[in-house]
Colleague: 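First, the structure itself, so that you have it in front of you.
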Amino acid sequence: MHKDHNHSSSAPTTPRIRHRKRSNEIPNELSKLNGIHLLSDDQDKYKSMWIRANSSLWMLGGFLFILYLGHLYIWAAVVVIQIFMARELFNLLRRAHEDRRLPGFRLLNWHFFFTAMLFVYGRIISQRLVNTVTSDKFFYRLVGRIIKYQMVICYFLYIAGFMWFILTLKKKMYKYQFGQYAWTHMILIIVFTQSAFTVANIFEGIFWFLLPASLIAINDVAAYFFGFFFGKTPLIKLSPKKTWEGFIGASVATVISAFVLANIFGNFQWLTCPRKDLSTGWLHCDPGPLFKPEYYSLPGWMPDWFPWKEISVLPVQWHALWLGLFASIIAPFGGFFASGFKRAFKIKDFGDSIPGHGGFTDRMDCQMIMAVFAYIYHQSFVFPQDYTVEMFLDQILGSLTLEEQKDLYRKLGEIFQERGNRSCSKVL
């Protein structure tokens with residue numbers, strides 16, 4: 001007995017390692033369910049629904065306020081959301097131990113982020129920036145120079161980051177550093193592909209940003225409530241709480257909402273007029289044929305049931321049906337992709353910035369796909385492709401400085417004067 005006691009007391013004691021569970025990590029009991037955990041069977045579903053509804057109301061109020069402020073403020077909100085998304089994704093593969101050995105490595109990621117922001121948004125707002133400062137000769141010339149050399153500036157900023165990365169490579173950490181380098185570029189592709197199309201939609205008219213974003217939100221809310229009350233049949237294992245009942249109910253609700261909301265939004269010039277400059281004033285424009293009502297007579301037997309004999313439909317409502325179909329059938333796969341991504345890294349949410357919803361990336365997973373589709377659809381089936389002389393002149397003059405424009409007008413005047421003199425001589 002004495003020998004055993006000495007042996008046990010002399011044995012080296014190893015400290016007990018405790019791993020702190022992150023707030024967005026999947027609980028073990030939930031991960032073991034493997035797709036069987038339905039929302040309708042959740043014991044805490046009413047509590048989670050209250051938290052989710054409360055934060056949704058706050059987000060809706062802020063969203064409506066930003067819409068009221070206008071195009072530039074919506075663009076600023078998109079930039080803020082981008083920064084939060086990038087932060088969440090940067091932290092996903094971050095290792096504190098390695099980062100402590102690499103001072104300034106996080107700063108390098110943000111250097112690439114803001115370089116990409118300058119490149120993407122510089123190309124989108126260049127013409128609108130010129131239209132904003134045309135009244136001031138000095139600023140017009142300054143902006144013209146910046147736009148002219150914007151690609152060069154962005155390129156050398158990227159090269160500076162590339163050289164910075166090479167100079168900070170450390171032995172025994174090459175794999176981690178190159179992995180972070182590749183992950184940073186993947187984040188830039190994911191974030192800026194979506195945001196570039198979103199900003200382009202905003203300046204084409206808030207309508208083309210608001211309607212697709214609203215349809216995604218409606219589809220998400222409808223799927224939640226249909227699954228909450230009627231969900232019994234699992235839809236996909238990647239998202240355990242998704243059900244066929246929620247998916248089908250949300251699809252019907254989204255398509256109907258698309259047709260109705262297009263009529264409501266289409267009656268406000270503030271939403272339908274494109275923004276040609278970077279001012280914040282109220283917009284007035286010809287709404288165009290898409291936003292002018294067309295009247296359809298009802299069949300002879302229908303007036304017996306309804307008080308009106310004809311209905312008015314905006315042509316854009318027919319386009320909205322295609323947006324609604326995409327938002328209800330295709331866009332949810334962006335959420336499924338995000339769910340599979342989170343399961344691969346064994347996390348519940350990308351972050352915890354929004355109570356009941358997770359992080360900003362969790363809310364933007366379907367919006368990414370929808371924004372790209374909305375832009376492509378608008379450019380392919382809505383935007384007029386008849387190129388006029390004015391459009392060509394806008395493109396030409398937008399790339400010239402004020403002095404170059406004066407020289408162009410002077411030469412054109414000389415050409416027209418010479419042709420006029422020739423015509424007169426022939427008549428004589």
Side-chain angles (χ1 to χ4, degrees), residues 59-60 63-64 66-68 70-71 74 78 194-226 246-275 283 285-298 306 308 310-335 363-385:
M59 286 192 296
L60 179 61
F63 182 69
L64 293 177
I66 293 172
L67 283 179
Y68 172 78
H71 301 70
I74 301 173
V78 171
Q194 171 261 336
S195 60
F197 289 107
T198 300
V199 174
N201 291 336
I202 292 171
F203 284 105
E204 289 293 341
I206 298 178
F207 178 93
W208 299 105
F209 159 77
L210 178 59
L211 181 63
S214 301
L215 294 180
I216 292 296
I218 290 172
N219 184 262
D220 185 58
V221 172
Y224 180 82
F225 278 100
F226 276 100
F247 182 80
I248 295 173
S251 299
V252 175
T254 303
V255 173
I256 295 174
S257 300
F259 193 78
V260 175
L261 288 179
N263 186 282
I264 297 173
F265 297 159
N267 286 288
F268 296 93
Q269 287 192 13
W270 179 244
L271 301 179
T272 58
C273 293
R275 173 65 75 180
L283 287 173
C285 67
D286 181 6
L290 280 179
F291 299 101
K292 294 179 180 179
E294 296 178 349
Y295 296 93
Y296 297 89
S297 299
L298 297 176
F306 299 98
W308 50 82
E310 61 180 10
I311 59 172
S312 64
V313 177
L314 300 181
V316 75
Q317 290 181 257
W318 306 118
H319 294 288
L321 290 176
W322 292 105
L323 296 177
L325 285 172
F326 187 91
S328 58
I329 298 176
I330 307 299
F333 280 85
R363 291 298 88 212
M364 299 300 296
D365 47 11
C366 299
Q367 295 284 2
M368 296 180 184
I369 299 178
M370 190 68 201
V372 178
F373 174 76
Y375 178 82
I376 293 175
Y377 185 89
H378 178 269
Q379 296 297 314
S380 301
F381 302 105
V382 177
F383 186 77
Q385 298 297 333

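The residues of the chain are indexed from 1 along the displayed sequence. For clarity, every value in this text was computed on a predicted model and none was experimentally measured. Keep in mind that the numbers below use all heavy atoms, side chains included, and drop hydrogens, waters and symmetry copies.
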Colleague: Can you list the residues that meet the ring pair (Phe, Tyr, Trp, His ring centres under 6.0 Å) rule with Phe326, with sequence neighbours excluded?
Modeller: Phe373

Colleague: Measuring from atom CD1 of Ile264 to atom OG of Ser257, what distance do you get when rounded to the nearest 0.5 angstrom?
Modeller: 9.5 Å

Colleague: Is any side-chain heavy atom of Phe203 less than 4.5 Å from a side-chain heavy atom of Pro274?
Modeller: no

Colleague: Output all residues satisfying side chain to side chain contact (heavy atoms under 4.5 Å, CB included) with Val372, sequence neighbours left out; order by chain, then residue number.
Modeller: Thr193, Phe197, Ile376

Colleague: Tell me every residue that passes ring pair (Phe, Tyr, Trp, His ring centres under 6.0 Å) with Phe333, counting only those two or more places apart in sequence or in another chain.
Modeller: Phe336

Colleague: The criterion is ring pair (Phe, Tyr, Trp, His ring centres under 6.0 Å); which residues satisfy it with Trp270, sequence neighbours excluded?
Modeller: His71, Trp282

Colleague: Going by salt bridge (Lys or Arg N to Asp or Glu O under 4.0 Å), name the pairs with one or both residues in residues 264-275, residues two or more places apart or in two chains.
Modeller: Arg275-Asp277

Colleague: Can you list everything that forms a side chain to side chain donor-acceptor pair (under 3.5 Å) with Thr198? Sequence neighbours excluded, please.
Modeller: Gln194

Colleague: With Phe381, which residues qualify under ring pair (Phe, Tyr, Trp, His ring centres under 6.0 Å), at least two apart?
Modeller: Tyr377

Colleague: Looking only at non-hydrogen atoms, find the nearest pair between Thr254 and Gly324 and report the distance.
Modeller: CG2-O, 3.7 Å

Colleague: With sequence neighbours excluded, tell me which residues meet side chain to side chain contact (heavy atoms under 4.5 Å, CB included) with Phe265.
Modeller: Phe207, Leu210, Leu211, Ser214, Leu261, Leu271

Colleague: Do the side chains of Phe268 and Ile206 get nearer than 4.5 Å, heavy atoms only?
Modeller: no

Colleague: Show the numbers, then the answer: is there a side chain to side chain contact (heavy atoms under 4.5 Å, CB included) between Glu204 and Phe383?
Modeller: CA-CA 9 Å; Glu204 289 293 341; Phe383 186 77; 4.2 Å; yes

Colleague: First locate atom CE of Met364, then atom CD of Gln367, and finally report the distance between them rounded to the nearest 0.5 Å.
Modeller: 5.0 Å

Colleague: Restricting to side chain to side chain donor-acceptor pair (under 3.5 Å), what partner residues turn up for Tyr296, sequence neighbours left out?
Modeller: Glu294

Colleague: List in chain and number order the residues that pass side chain to side chain contact (heavy atoms under 4.5 Å, CB included) with Ala196, two or more places apart in sequence or in another chain; answer none if no residue qualifies.
Modeller: Val120, Ile124

Colleague: Roughly how far, to the nearest 0.5 Å, is the OG atom of Ser195 from the CD1 atom of Ile202?
Modeller: 10.0 Å

Colleague: So for atom CZ, which belongs to Phe63, do other residues, nucleotides or ligands contribute more than 12 heavy atoms lying within a distance under 6.0 Å?
Modeller: yes

Colleague: To the nearest 0.5 Å, what is the distance between CE (Met370) and CG (Asp365)?
Modeller: 13.5 Å

Colleague: Any donor and acceptor pair, going by atom type alone, linking the side chain of Asn267 with main-chain N or O of Asn263 inside 3.5 Å?
Modeller: yes

Colleague: Can you name the residues that form a side chain to side chain contact (heavy atoms under 4.5 Å, CB included) with Ile329, not counting sequence neighbours?
Modeller: Leu325

Colleague: Do Val313 and Pro293 touch side chain to side chain, with heavy atoms closer than 4.5 Å?
Modeller: no

Colleague: Hey, is the main chain of Phe259 close enough, under 3.5 Å, to the side chain of Gln317 for a donor-acceptor pair?
Modeller: yes

Colleague: Without swapping roles, check the side chain of Asn201 against the backbone of Ala371 for a donor-acceptor pair under 3.5 Å.
Modeller: yes

Colleague: After noting the C-alpha distance and the side-chain angles of Trp208 and Val382, does the key distance pass the side chain to side chain contact (heavy atoms under 4.5 Å, CB included) rule?
Modeller: CA-CA 11 Å; Trp208 299 105; Val382 177; 3.6 Å; yes

Colleague: Which pairs count as salt bridge (Lys or Arg N to Asp or Glu O under 4.0 Å) when at least one residue sits in residues 371-382, sequence neighbours excluded?
Modeller: none

Colleague: With side chain to side chain contact (heavy atoms under 4.5 Å, CB included) as the test, would you mind laying out the steps for Leu290 and Leu314 before giving the verdict?
Modeller: CA-CA 6 Å; Leu290 280 179; Leu314 300 181; over 6 Å; no

